[in-house]
Amino acid sequence: MKDSLHQLVLQAIASLREQALLPADAEAPFVIERTRSAEHGDFATNAALLLAKAARTNPRALAQALVAALPQNPQIAKVEIAGPGFINFFLAPAADHALVRRIHAQGDAFGRNASGGGKTAGVEFVSANPTGPLHVGHGRAAAIGDCIARVLDANGWNVKREFYYNDAGVQIGNLALSVQARARGLKPGDAQWPADAYNGDYIADVAQAYRDGAHVEADGTVIVAARDTDDLDAIRRFAVAFLRREQNADLAAFGVRFDVYFLESSLYAEGKVDDTVRELVGHGHTYEEGGALWLRTTDFGDDKDRVMRKSDGTYTYFVPDVAYHYSKWTRGYLRAITELGSDHHGSLARVKAGLQALDCGIPNDWPEYVLHQMVTVMRGGEEVKLSKRAGSYVTLRDLVDEVGRDATRYFLIARKADSQLVFDIDLARSQSNDNPVYYIQYAHARVCSVLRQLDERGLQWDRDDGLAQLARLDNEHEAALMTELARYPEIVDSAARTLEPHLIAQYLRELANALHAYYHAHPFIVDDAALRNARLALIVAARQVLRNGLDLLGVSAPESM
RNA sequence: GCGCCCGUAGCUCAACCGGAUAGAGCACCGGCCUUCUAAGCCGGCGGUUGUGGGUUCGAGUCCCGCCGGGCGCGCCA
């Protein structure tokens, strides 16, 4: 609807140009937007406000001319000029009826669109190194990344979820030493306990499994523990596999799966890091100084140049990062979304600089970054400190076990990524009306319950008759609910454009509210069969949209609660 | 010191490429269950959008300066 209104206004502008009421080159980035209140109609445009100057007239007069030039459209009941020169559109009931029929016809596909054209978009998120369990911050990353992936999919993109991890760096070395120390019976605090070791209890679990000769499978590879506490390399391989398996299990419990697990070590093994360095040198963006190889990232907007190869011959971490993103490019990811904690934002400029320096046609706005701010966890009114090294922190698994997958996902997705988030465990756990996720799920279950009630009363819902009788829906609650339903495709589009999945969560609450309000204002199971069928057609449409929206969040839509 | 993000009701947060009277939830006050689940609905209270300027028909939104909070500023990852 938004699009067709946009077209109508464009036609009106073109018409005014022909009449010389507007200069021939007059155009403006006008918008069609939902109004805030019903008295302003359903949609409004600011076209007259933006074009008034070019027309050398006042906005209201121009609005008059635009309205006069608007092509007729049966879905528009009324057009008004209001305020400083807004043009307000009032939709005809027929537009709402067509919408309800469309929801029934499209079902699970309602709200989806093909704007992505089937092109490939890679969404990288979590990308935690296998040095310990996932914590609540990873949970936020998982919820946001997975939801972005679902939203892009709903917009017609071929989405690849990708998890990148370092399986061979310094931190992994510390991990191996930690497990080895535990396997030798040492504990944190002991004189011989390694200085940079991980102190969490989970290290003891890994060590125990290693000594037991356990075999673990992770990311498609099986590793059997060598049991030899002197074989640090074997310990490392085992520990990585063990913790990767744990992380995968936690993510699976959270409802998140990946298409690609990308190992940093593979970049070295396949010579991709060397290739990248060679390309950068070849394009003349590097220089040697102080025994190190530098990349002139300042040519691409960075604060200062960055060392690529240290004087000891090893690479700094951002070189494989560039190689990794370049591999996404060569794998055909037309869009690459990288979801990170905002504490990594400092590295963005140099990675982008590295990609630009490859001179291979990567656009300046590729990849797209989505950064999320910290999560503060509250329990019993007190902040739970997160410290992996100290070994005491809230794991994602803890949250999913305690709070449930649905509420955890909802709480982590419902807020804009770039604002800090307070996760109140007590609130998320509460199965009460304090908890917004149940509110939405209850709306879905409520429709199911009405249909069950219908059955118990020995009645049947005639869908076709209902869809034919939509004109019987004439009260304000029905109008409000239909307006909410009509917004859904716009929200799906908007969430993908802005990469802001919280819009979905926000919207679903408003949709649920419209349904609950309708429920209380009017009985659905009435004696008048035509009216009954029409009302049921409307609430079943609402149920469909609730289900579709919850699916985008990865939250279940229960039939009863 | 420099860079990025944030600052909106007592609390947690919205506000669709700058739009009309800044909205929800929680908390608080008051109504509504012999009627499809009260995990619900309706009403009320609550704001100088941190602050001072600027841009324009119009600013929570854009620009500049302050104040406050977070994160980052390594030949660490």
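What you see below is based on every heavy atom in this structure, not just the backbone, and it leaves out hydrogens, waters and symmetry mates. These numbers come from a predicted model, not from an experiment. In what follows, chains are A, B, ... by sequence order, proteins preceding strands, each numbered from 1.
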Show the distances under 3.5 angstrom between N or O atoms of the protein and N or O atoms of nucleotides 68-71 of chain B.
from  : atom 1 : to       : atom 2 : distance (Å)
B:G70 : O4'    : A:Gln420 : NE2    : 3.3

I'd like a list of close polar pairs between nucleotides 57-60 of chain B and the protein, N/O only, cut-off under 3.5 Å.
from  : atom 1 : to      : atom 2 : distance (Å)
B:C57 : OP1    : A:Lys53 : NZ     : 2.9

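Rounded to an integer number of Å, the gap from CZ of A:Phe411 to C1' of B:C26 is 11 Å. The nearest whole Å value for the distance from the CD1 atom in A:Ile32 to the P atom in B:G18 is 16 Å. A:Leu538 has its CG atom 15 Å from the C1' atom of B:C36, to the nearest Å. Distance A:Arg509 CZ to B:A14 P: 15 Å, rounded to the nearest Å. One interatomic measurement links the two molecules: CZ of A:Phe43 to P of B:A20, which rounds to 16 Å at whole-angstrom precision. For A:Arg306 and B:C75, the CZ to P distance is 8 Å, given to the nearest whole Å. Between A:Asp365 atom CG and B:C17 atom P there is a gap of 17 Å when expressed in whole angstrom units. Remark: P of B:C13 and CG of A:Asp424 are 11 Å apart, rounded to the nearest angstrom.
Remark: A:Tyr324 pairs with A:Tyr164, A:Phe262 by the ring-ring contact (aromatic ring centres under 6.0 Å, His included) rule, at least two apart or across chains.
For A:Gln506, counting side-chain heavy atoms from C-beta on, the closest listed nucleotide (B:A14, B:A20, B:C5) is B:A14. With B:C13, B:C5, B:A77 as the choices, the nucleotide that has an atom nearest any side-chain atom of A:Arg415 turns out to be B:C13. Across B:C16, B:C75, B:A20, the shortest atom-to-atom separation from the side chain of A:Thr316 is found for B:C75. Distance from the side chain of A:Arg497 is smallest to B:C16 among B:C16, B:C75, B:A20. With B:C75, B:A15, B:G40 as the choices, the nucleotide that has an atom nearest any side-chain atom of A:Trp294 turns out to be B:C75.
Phosphate proximity of B:G74 to A:Lys304: present, with a side-chain N or O under 4.0 Å from OP1 or OP2. Between A:Arg446 and B:A39, a side-chain N or O to OP1/OP2 separation shorter than 4.0 Å is absent. For B:A38, one of the phosphate oxygens OP1 or OP2 lies less than 4.0 angstrom from a side-chain nitrogen or oxygen of A:Tyr519. Taking side-chain N and O atoms only, A:Tyr439 has a distance below 4.0 Å to OP1 or OP2 of B:C41. Regarding contacts with the backbone of B:G74, every side-chain N or O of A:Lys310 stays at 4.0 angstrom or more from both OP1 and OP2. Considering only side-chain N and O atoms, A:Thr45 lies nowhere under 4.0 angstrom from the phosphate OP1 or OP2 of B:G19.
You'll find the side chain of A:Leu295 stays beyond 4.5 Å of the side chain of A:Asp305, heavy atoms only. Contact check for A:His522 versus A:Asn475: side-chain heavy atoms found under the 4.5 Å cut-off.
Shown for residues 523-537 of chain A: residues whose heavy atoms fall under 4.0 angstrom of RNA chain B, namely A:Pro523, A:Phe524, A:Ile525.
Judged by distance alone, the side chains of A:Gln171 and A:Asn166 never bring a donor and an acceptor atom under 3.5 Å apart. Between the side chains of A:Thr338 and A:His325, at least one donor N or O sits under 3.5 Å from an acceptor N or O.
At a threshold of 4.0 Å, the pair A:Glu559-A:Arg452 does not count as salt-bridged, since none of the basic side-chain nitrogens sits closer than that to a carboxylate oxygen.
Base orientation at B:C5 is anti, since its O4'-C1' glycosidic dihedral falls outside 90° of 0.
A cation-pi arrangement is found for A:Arg244 relative to A:Phe163, the charged atom lying closer than 6.0 Å to the ring centre and inside a 45° cone about the ring normal. Cation-pi geometry between A:Arg446 and A:Tyr519 is met: the NZ or CZ atom falls under 6.0 Å from the ring centre, inside 45° of the normal.
Scanning atom types as modelled, one donor and one acceptor separated by under 3.5 angstrom connect the side chain of A:Tyr317 and the base of B:A77. For B:C36, its base never sits under 3.5 Å from the side chain of A:Ser449 at any donor and acceptor pair.
Annotation: side-chain hydrogen bond (donor to acceptor under 3.5 Å, both in side chains) contacts involving residues 525-546 of chain A, sequence neighbours excluded, comprise A:Asp108-A:Gln544, A:Asp465-A:Asn533, A:Arg472-A:Asp528, A:Glu478-A:Arg535, A:Gln544-A:Asn548.
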Both atom distances under 3.5 Å, Watson-Crick or G-U wobble: I'd like the secondary structure of RNA chain B as a dot-bracket string, with | for pairs made across strands. (((((((..((((.....[...)))).(((((.......))))).....(((((..]....))))))))))))....
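Aromatic stacking of A:Phe86 on B:A20: satisfied, with centres closer than 5.5 Å and planes within an angle under 30 degrees.
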